[in-house]
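Worksheet for the structure shown next.
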Amino acid sequence: MELSDLTGVGKTRLAALHAAGIDSLRDLLYAVPMKYRDLGDVTPVCDVRAGERQTVRVDRLGEPKVFRRGKLSRVTCLFRDASGEVQGVWFNQPWMTDALPRRQTFLLHGKAERSGKRVRLTNPSLEDSLRIVPVYKPIDGLPQKTHEHLVRQALETVEIACAENLPAWVLKRYELPPAPEAMRALHAPQRMADVATSQRRFAFEQMLYYQIAVADLKGARRAGRAMPIPDGAQDAFWRAMPFAPTAAQRRTLGEVVADMRMTAAMARMVQGDVGCGKTAIAFGAMALAVQAGYQAALMAPTEILARQHYQSAQKMLEPMGISCGLFLGGMAARERRAALAAIQSGAWQAVIGTHALIGEGVAYRQLGLCVTDEQHRFGVAQRTRLLQKGGDVPPDLLVMSATPIPRTLALAVFGDLDVSVVDELPPGRTPVKTRIVPEVKRKEMYLFLRGQIEQGRQAYVVCPLVEEDEADEQRKAVESHFEALCRGPLKGIPVGLTHGRQPSADKATVLQAFSEGKLRVLVATTVIEVGMNVPAATVMVVENAERYGLAQLHQLRGRVGRGGGESWCFLVAKENERLRALTQTNDGFLIAQKDLELRGPGELLGTRQHGVALLPGGVELGNLALLTAASECAVMLAGEPEHTDTFAQLKRRALELAQRALRDVSVS
């Protein structure tokens, strides 16, 4: 059976599935649900509790009404059961005016609110039965219910499509269910406990393949080029800098230089807290590589960060006689041709850019050092793709992580890399004061922010979304919040807006205006999480702060407090244990450890970006104990003669998945 054989799949839907990277029944099944809705039991309307998601069985009273304001809409309809009335409200779902009149009795599931005696369900779903509903990542042209229907058909082939790869003794030793059984539980769960068990099983398999793949990478680390870096070159670099390095910066660059002098290609990760000076270490390595006669490339995950690094390189490297260039994906054709020629000829000695650096047609003259910044956003495939640009002799690799990671986790996940830790901050940085702001204090917070602006300072306001979210209208969409601030508490103040969907030129204009102080407030999504360095910015407001992990909030907080004066970070949310942890310390390593305890390494590292999700679908990682178990299993398989055949099969599978990821990178 193939995708085209499924009932409900015509040419249009088949194209939609292919566009989402789903080319087979196996792909469809491994695109596992991103979350679940447990409908639970039916609750009488009179017993509905505000703030909770609940299910009611009700009859419709009258016809639905629709209210419109520009592109926005709101549909309301009244329902009742024997105990009382409830209002259903659907934001930006105008089609509900057609769907609701088709039936009289409904099973509604949604978040409940109370206003006086009236009960309201916000964006409730229309269900057919009480069950655990899988929620899939949205695919254009494929409604959720249709997606679920296709998966149910594909599950009939699960024994073949998801055949077991792990030996029986591994399943038994680590208490893992067989792959077909686990896949059924992920898509059609009877209990949420079954979901957790199945997620653990596939997370273990992912980690096992990853451990095997990175061990192979490390074992196959080829002979590189021993760079002729003279004694004293490192000290000369620091003397050329406009600041005195910390002892940690000196020590770390020393470790990097020692690697670069060796014949084996360097593969080292440098991690440290926000503001510890990792960029200067990277520039030091780039400068020494160029002075030894090689090109150096620095790849950043976002255009904002790439531009920031380029501007810093112009100030730090060009005065040393090193020519720098910026290469981005959205360059005009003429500009791109000139950039490619400068890279190929070696006219650009230090090349800085985004993932465009690993694109087709990019050729280097003599690439000796590759630097990737924000390591948790790049996986093994991206790193490998950049290294391949060095030709037959692999260049040295230096990866930078601004997300502090507990060392045991770093070694488990980044097993192919040596690890250096920059555990010291430059003197003079004033800790940022962090406060949790409940909704009732919002007005006072913005009055304080306005006062800071009137004193000549600047501020960021971060929102989680670009447009209003159909699932929860309370989440502040960046565009509507920008308009509300301009009309309300920040009226008369120059306010800018930026987000990931903005054209590159517009984004660059806004960021430049904010950096120059022409804009006093920047309303943004998390595109400003890294790479923004505006010393006059002293206030960070994070809307819906409960939506972010601690590590990400710590990154956002790091955008302020760079000018030496008092700075503030306001987390707009209901207080909870996670957010309290952020108010109690500015130590990124302590925060990372807390995030690890509360949310697991999947949140700390990202589920797809760090290269762990070798399997399609990117099943969320479990916990550190699971990572350790997978690492132990990989060592056992590789080291004991009776497992030779099994290990060979798993290694082939691991490398096949790694190559698939590499192909995905090459065409993205």
Close side-chain approach of Thr525 and Val462, heavy atoms under 4.5 Å:
no
For Arg261 and Ala226, the nearest pair of non-hydrogen atoms, with its separation, is O-CB, 3.3 Å
Beyond-backbone contact of Tyr364 with Trp348, side-chain heavy atoms, under 4.5 angstrom:
no
So CZ of Arg653 and CG of Leu166: to nearest 0.5 Å the spacing works out to 10.5 Å
SG of Cys370 to CE of Met286, rounded to nearest 0.5 Å, is 10.0 Å
Side-chain heavy atoms of Leu553 within contact of Arg557, under 4.5 Å: no
For this session: With the side chain counted from C-beta on, respond yes when Asn165 and Glu205 share a heavy-atom pair under 4.5 Å apart, and no when they do not.
Result: yes
Value for CG (Leu305) from OG (Ser312), rounded to nearest 0.5 Å, stands at 9.0 Å
Looking only at heavy atoms, the pair that brings Val256 and Ala285 closest together is CG1-CB, 3.9 Å
When every non-hydrogen atom of Ala537 is compared with those of Tyr460, the smallest separation belongs to CB-CE1, 3.5 Å
Taking every heavy atom of Met400 against every heavy atom of Thr279, the minimum-distance pair comes out as CE-N, 4.5 Å
Item checked: Validation row: Val32, Phe202 side chains within 4.5 angstrom (heavy atoms) -> no
The reported gap from CZ in Arg251 to CD1 in Ile281 (rounded to nearest 0.5 angstrom) is 8.5 Å
May I ask you to check whether Glu303 and Thr354 show a side-chain donor-acceptor distance below 3.5 Å?
no
* **Test item: Glu424 side-chain N/O and Gln249 main-chain N/O as donor-acceptor pair under 3.5 Å** => no
Output for pair (Cys569 SG, His554 NE2), nearest 0.5 Å, gives 10.5 Å
Query raised in the report: Any side-chain heavy-atom pair from Ile352 and Gln308 closer than 4.5 angstrom?
Result: no
Only residue of Leu328, Leu298, Val351, Leu326 satisfying side chain to side chain contact (heavy atoms under 4.5 Å, CB included) with Tyr310 is Leu326
Note to self: Could you walk me through whether Asp235 and Arg250 satisfy the side chain to side chain contact (heavy atoms under 4.5 Å, CB included) test, starting with their C-alpha distance in whole Å, then the side-chain angles of each, then the deciding distance to 0.1 Å, before giving a yes or no?
What the structure shows: CA-CA 9 Å; Asp235 291 335; Arg250 283 187 177 276; 3.3 Å; yes
Quiz prompt | Ser323 side chain vs Ala347 backbone, donor-acceptor pair below 3.5 Å | solution = yes
Nearest heavy-atom approach of Ala289 to Leu369 is CB-CB, 4.0 Å
Stepwise side chain to side chain contact (heavy atoms under 4.5 Å, CB included) check, Arg268 with Ser420
CA-CA 7 Å; Arg268 180 171 293 275; Ser420 293; 2.7 Å; yes
Nearest heavy-atom contact between Ala300 and Ala306 is CB-N, 3.8 Å
Sequence neighbours excluded, the answer for side-chain contact (heavy atoms from CB on, under 4.5 Å) partners of Ala634 is Leu208, Gln211, Ile212
Given 3.5 Å as the limit, does a donor-acceptor pair link the side chain of Gln458 with the main chain of Phe514, or not? yes
- Task: Decide yes or no on side chain to side chain contact (heavy atoms under 4.5 Å, CB included) for Asp396 and Asp259, but give the supporting numbers first.
- Result: CA-CA 8 Å; Asp396 289 330; Asp259 284 354; over 6 Å; no
| task | Answer whether the closest heavy-atom distance between the side chains of Gln552 and Thr526 falls below 4.5 Å. | result | yes
_Note, Met320 side chain near Gln291 side chain (heavy atom, < 4.5 Å)_ = yes
- Task: Classify the angle between the aromatic ring planes of His309 and Phe283 as parallel (below 30°), tilted (30 to 60°) or perpendicular (above 60°).
- Result: perpendicular
Taken to the nearest 0.5 Å, the spacing of Lys278 NZ from Leu398 CG works out to 11.5 Å
Checklist line | Verdict with reasoning, Ile22 to Ile139, per side chain to side chain contact (heavy atoms under 4.5 Å, CB included) | finding: CA-CA 10 Å; Ile22 297 174; Ile139 296 176; 3.9 Å; yes
- Message: Are more than 12 heavy atoms, taken from residues, nucleotides or ligands other than Gln344, located less than 6.0 Å from that residue's CD atom?
- Response: no
Are a donor atom and an acceptor atom from the side chains of Ser345 and Arg365 found within less than 3.5 Å of each other?
no
